[in-house]
Amino acid sequence: MVYRVAERLQAPRGTFDVLPDDSERREAVESAARRVLGGAGYRRIETPAFEATELFARGVGDSTDIVQKEMYTFEDGGGRSLTLRPEGTAPICRAYAEHGMHRLPQPVKLWYLGSFFRYERAQAGRYRQFWQVGAEAIGSDDPAVDAESILLLATLLDELDVREVRLRIGSLGSPDSRVAYRERLVAHLRAHEEELAEEVRVRIDLNPLRAFDSDHPGTREVMREAPRMIDALSPQDAEHFAAVRAMLDAAGQPYEVDPTLVRGLDYYTRTVFELTSDALGAQSGVGGGGRYDGLVEQLGGRQAPGMGWAAGVERILLAAGEQPVAAPEVDLFVAVDGGDGARTAAFAVAAEGRRARMHAQLELAGRSLKGQLKQAARVRARYVAVVGDTSSALRDMDTGEQTDVETETIVARILRERGLGA
Ligand code: AMP
């Protein structure tokens, strides 16, 4: 292949680089997740970035936008159809079944953080590769699992200072009650077919619930009069929903009940919820999820109820606003004031410092001594060692005091001064 020399390559549309200046805020999301979720007994899991396409076709559902038009699907060298994961719940349910996690104490509580891929219209807050933090609790249908899971996401967003958060919850009932409801909804949509958006009309049979998500004015008008799942819940489903609400009330968590909340994935049963931030524009969803009592079985595992959510890391950061992040501390900057011998000796000092668990930086750009001291100040080094061919000096940047020292004793001196050495 011939490449034109002058052509400057760019990251694909809808993707972005996480630059060093961005990475500290993202790490803060990870540590908050570890603290909040770990504290509630959730343990981290990572699944592969790609899976058999069938997992998402079966798990997420053939009628969903994700499976119909958003998956990055490819054939590998062995002719298998694989898909870059568009979401995390189906893979985790696969892992639960594959590793026989039903033998562990239930529910099995897992959290994850990783990147996901959807071929979507790229815009602010919506990307083709994005990161999600998520939590799943599999193996219990206790409404306390639902309430706890919702509360954990609300707590995480709160810890990360996500602004103007609103929680909406709803219930989709269980598949049995949904069948009868669905028939009534389809009948309503059929009766008003002319007024519906084209994309809703063609999916009346495939996915009638999604009509609730439409922005189309005619469709919205029709949906105002549509029968609502929440009024058609079985007594058991209604009781479950009431219990979840009572627990959120007891925990002092504000929420609105939204009878039109359906969410875009087919696997949900009973509780569904969404957290949005009014600080975001059109893409206001920060995170959401729900209960999926049939999913593990649908993927070939034993029946196991589940509940979980995912939140977008980029959306969290957009809605959290700017927060000062403390620059990492540098204990020692090793400057060179001499020839090759000094350079090698300086290298050894930095290596020894790192072995002693110091954050140590070495001059790597051939700067003048003045330039090196400037660089040391820029990285806010606590100590600067100036290593020469025959002698060295150690400067305490807090006090400005400089002492001549034997090169070999630099690290030991710093440790001693900081009360860490022998
Ligand atoms: P979902 O799996 O669609 O329920 O998405 C859960 C969360 O992931 C959303 O609330 C967003 O915060 C985030 N998210 C979903 N899709 C994207 C995307 N294309 N770009 C950025 N974030 C996304």
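One-based numbering, in listed order, for ligands and for the atoms of each. Computation of the quantities below employed the complete heavy-atom set of this structure, encompassing side-chain atoms and omitting hydrogens, waters and symmetry-equivalent molecules.
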Tabulate below the donor-acceptor pairs under 3.5 Å that side-chain atoms of residues 350-360 make, not counting sequence neighbours, or state none.
from	atom 1	to	atom 2	distance (Å)
R354	NE	A360	O	3.0
R354	NH2	A360	O	2.8
H359	ND1	E329	O	2.9

| Proximity of Y127 and F16 rings by center, below 6.0 Å | yes
| remark: Sorted by chain and residue number, the residues with a non-hydrogen atom under 4.0 Å of ligand 1 are R118, E120, G125, R126, Y127, F130, Q132, R263, G285, V286, G287, A310, G312, R315
| How are the rings of F130 and F116 set to each other: parallel, tilted or perpendicular (split at 30° and 60°)? | tilted
| Considering residues at least two apart in sequence or located in another chain, which fulfil the side-chain hydrogen bond (donor to acceptor under 3.5 Å, both in side chains) criterion with Y267? | E87, T89
| message | Taking the basic N atoms (NZ, or NE/NH1/NH2) and the acidic carboxylate oxygens, is any pair closer than 4.0 Å for E24 and R26? | response | no
For residues 162-176, which side-chain donor-acceptor pairs fall under 3.5 Å, sequence neighbours excluded?
from	atom 1	to	atom 2	distance (Å)
R163	NE	A319	O	3.0
R166	NE	D278	OD2	3.4
R166	NH1	E256	OE2	3.4
R166	NH2	D278	OD1	3.2
R168	NH1	D258	OD2	2.5
R168	NH2	E274	OE1	2.7
S171	OG	G173	N	3.2
S174	OG	D237	OD1	3.0
S174	OG	D237	OD2	2.7

